Amino acid sequence: MLDKSKKLDVGKLETIAKEIRRDILLMLEQAGSGHTGGSLSIVEILIVLYYCKMKHNPKNPKWQKRDKFILSKGHGCPALYAVLANLGYFPQEDLLTLRKLGSGLQGHPRYGLPGIETSSGSLGQGLSIACGMALAARMDNMKNKIYCLMGDGELDEGQIWEAAMTAAHYNLSNLCGIIDYNKYQIDGKVCDVMNIKSIPDVWRSFGWNVEEVDGHNIKALFEVFNKVDNEKKKPSLIIAHTIKGKGVSFIEKDNRWHGVAPRKNELERALKELDLE
Amino acid sequence: MAMEPTRDGFGEGIIEVGKLYKNVVVLSADLSSSTRANWFKEKYPERFFCFGVAEQDMICAAAGFALSGKIPFACTFGVFASGRAWDQVRISVSSMDLNINVIGTHGGVSVGEDGLTHQALEEISLMRCLPNIAVIVPVDVIEAKKATIAAVKYPHPTYIRLGRNPVPIITKEKDKFKIGKANLLKKGKDVTIIACGSMVCESLRACEFLKSKGIYAEVINLHTIEPIDKKTILNSVKKTNAVVTVEEHTIKGGMGGAVAELLGENYPILMKRIGMKNFGESGSPVELLKKYGLTYANIADAALDLVKRK
Ligand SMILES: Cc1ncc(C[n+]2csc(CCOP(=O)(O)OP(=O)(O)O)c2C)c(N)n1
């Protein structure tokens, strides 16, 4: 099991974040297609969960008592694959098979790859699956937590709100939703495409405990994940303010990068910016 | 002949599996009494979960339960289980190939007065085109109970189509039921009648009528449409060289469609599909079955016609 000995080494995690961003860009360039913007925006969220917060075991992915993570916005999977490989769920070399015939690293997460808790990619389904897992965990008196990461555009799906009701109705305090609030979806800015007037208010009115956080600040993320553990009655939602394409200047907030992979020259420019080595 | 609705067989079966398997859970989308899910609720309230009128959420939550080692039965009307939540079934049930059982009641035009919104006529097509899911249409209350129990042990998803109204009980407790194994009910030589659900009994009546005309029909209860029992069907049609399929469901892609696919590639013969060709409407079940040509007389006519053309 991972030692999440609570002592947060922010500097080290920031370096890992850079490595993960590098891997995302490398694998997307190799694949020649995929979702760059929405993968880069979730890196710190994944790192804090997988390196400091969740109880899980890369050597035993099916370990009964593990916390579970569901990537409901399945198109962000390059980030999740990079983290899982970095932790040893599967070999690092596999990353370069992304989207290739026969690879376990499908274009959207597919159940069966070690570390992947459920298939996803058809937006709107993850939170319902998380509710089922949280209810099952409660039946079994498990102490684990179920995390579910959604996109802000994904909130347009009606099923999200069905699940929001379910989680609140059943007081699923063992469930924590996270919104990658990067303010963009495919057709443009979320506020222009389908504006939810106040995301926190809506979730609060559904009966959720709501927190907001800078989704790229590792320390703040760690604190907020710990804070919501104190909520024992309601499901919690963390609205993570993020930047789509975070980490690469010419990708940040340029929504043309939603579903486009970097070409070789763009990859080189991006890697220089990440300034690793 | 004693009559009971097949949904009652599910109710009886689910109580039994609740007793036998502690990891069975039942999920319901606000139709607990209509689907008989509430029979389970009364016995095992701690393993019963309401989702309100939210079929998509319920189907995916069922996947969450299955991914956590439970064996869920998700219950609603067939129209909503298949149509409203089809993408959820496709991704979270079919593609992950989990032991999830989707119970769709109110199959067929014989739902009656509620009319077309509530009469499931396309679920067999919608479910059988998805990989991994067994599509089962029990013939009577006894078989519905057996199907429910069998679904627990079946290591893949199932869709069980049930009816609202009482239908004749034509099987016995001791009769064999195996998912994927059709039951030959009457032996004959002139024509094969393949039916499922409520249409099996009509087919048996047609068989009796045909006998009076000197025609011997073989009758098969094709309770499992997917995986289809190729052997039983081919053995029969190789003898008879003519086949009528009968279902309370659209003829496009349903049970008749499945048989047509099988025979088209393996043993093309004279064939007639009997079933729905359009939406239903309000009316009494008997009136509707008559209006839409789903009676023993229609089946017998089709069989006679085929035999004549042979
Ligand atoms: C049900 C469904 N409809 C449409 C799509 C296509 N699609 C992929 S990503 C996306 C936009 C999602 O926006 P958001 O959740 O904000 O993701 P992000 O901007 O973080 O990438 C859409 C519409 C899909 N995957 N699933």
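All figures in this text were calculated on a predicted structure; none of them were measured in a lab. Lettering follows sequence order; numbering is per chain, from 1.
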**Q** Side chain of Asp67(A), backbone of Lys55(A): donor and acceptor closer than 3.5 Å?
**A**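 Present.
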
**Q** Take a 6.0 Å sphere around NZ of Lys41(B) and say whether it holds more than 12 heavy atoms from other residues, nucleotides or ligands.
**A**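 At most 12 heavy atoms, drawn from other residues, nucleotides or ligands, come within 6.0 Å of this atom.
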
**Q** Are any non-hydrogen side-chain atoms of Val109(B) and Glu281(B) less than 4.5 angstrom apart?
**A** no

**Q** Let me see the working for Lys143(A) and Asn174(A) under side-chain hydrogen bond (donor to acceptor under 3.5 Å, both in side chains), right down to the final yes or no.
**A** CA-CA 8 Å; Lys143(A) 298 279 171 282; Asn174(A) 56 348; over 6 Å; no

**Q** Does any part of the side chain of Val141(B), heavy atoms only, come nearer than 4.5 Å to the side chain of Glu12(B), both counted from C-beta?
**A** yes

**Q** Below 4.5 Å, heavy atoms only, C-beta onward: do Cys176(A) and Lys145(A) meet side chain to side chain?
**A** yes

**Q** Where is the tightest heavy-atom contact between Lys233(A) and Ser173(A), given as atom of each residue plus distance?
**A**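 Closest heavy-atom pair between Lys233(A) and Ser173(A): N-CB, 3.8 Å.
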
**Q** Sort Gln64(A) into side chain, backbone, both or neither according to what part of it lies under 4.5 angstrom from a heavy atom of chain B.
**A**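 Answer is neither: Gln64(A) stays 4.5 Å or more from chain B.
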
**Q** Listed by residue number, which members of residues 49-83 of chain B have a heavy atom under 4.5 Å from any heavy atom of chain A?
**A**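 Residues Phe49(B), Cys50(B), Phe51(B), Ala54(B), Glu55(B), Gln56(B), Asp57(B), Cys60(B), Ala61(B), Ala63(B), Gly64(B), Phe65(B), Leu67(B), Ser68(B), Lys70(B) are the ones that qualify, each having a heavy atom under 4.5 Å from chain A.
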
**Q** Fit a plane to each ring of Phe90(A) and Tyr81(A), take the angle between them on a 0 to 90° scale, and name the class: parallel (under 30°), tilted (30 to 60°) or perpendicular (over 60°).
**A** perpendicular

**Q** Would Asp180(A) and Ser41(A) satisfy side-chain hydrogen bond (donor to acceptor under 3.5 Å, both in side chains), going step by step from the backbone distance to the final call?
**A** CA-CA 7 Å; Asp180(A) 173 22; Ser41(A) 60; 2.7 Å; yes

**Q** When only heavy atoms count and the cut-off is under 4.5 Å, which of residues 86-107 of chain B reach chain A?
**A**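 Answer by number: Asp87(B), Gln88(B), Ile91(B), Ser92(B), Ser95(B), Met96(B), Leu98(B).
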
**Q** State, to 0.1 Å, how close Val190(A) and Gly153(A) come at their nearest heavy-atom pair, and which atoms those are.
**A** CG2-N, 4.1 Å

**Q** Under 4.5 Å, counting heavy-atom pairs only, tell me which of Ala137(A), Ala134(A), Ala163(A) racks up the most with chain B.
**A**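 Winner by heavy-atom pair count: Ala163(A).
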
**Q** Assess whether side-chain contact (heavy atoms from CB on, under 4.5 Å) is satisfied between Ile24(A) and Thr36(A), documenting all intermediate values.
**A** CA-CA 8 Å; Ile24(A) 291 171; Thr36(A) 306; 5.6 Å; no

**Q** Using non-hydrogen atoms and a limit below 4.5 Å, what part of residues 149-164 of chain B faces chain A?
**A** none

**Q** Sort out for me which residue in Ile199(A), Asp201(A), Asn195(A) forms a side-chain contact (heavy atoms from CB on, under 4.5 Å) with Lys197(A).
**A**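 Filter result, single survivor: Asn195(A).
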
**Q** Closest heavy-atom contact between Leu98(A) and Leu28(A)?
**A**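 Closest approach of Leu98(A) to Leu28(A): CD2-CD2, 4.2 Å.
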
**Q** Could you note down all residue pairs passing salt bridge (charged side-chain N to carboxylate O under 4.0 Å, His left out) where residues 15-27 of chain B supplies at least one of them, sequence neighbours left out?
**A** Glu16(B)-Lys145(B)

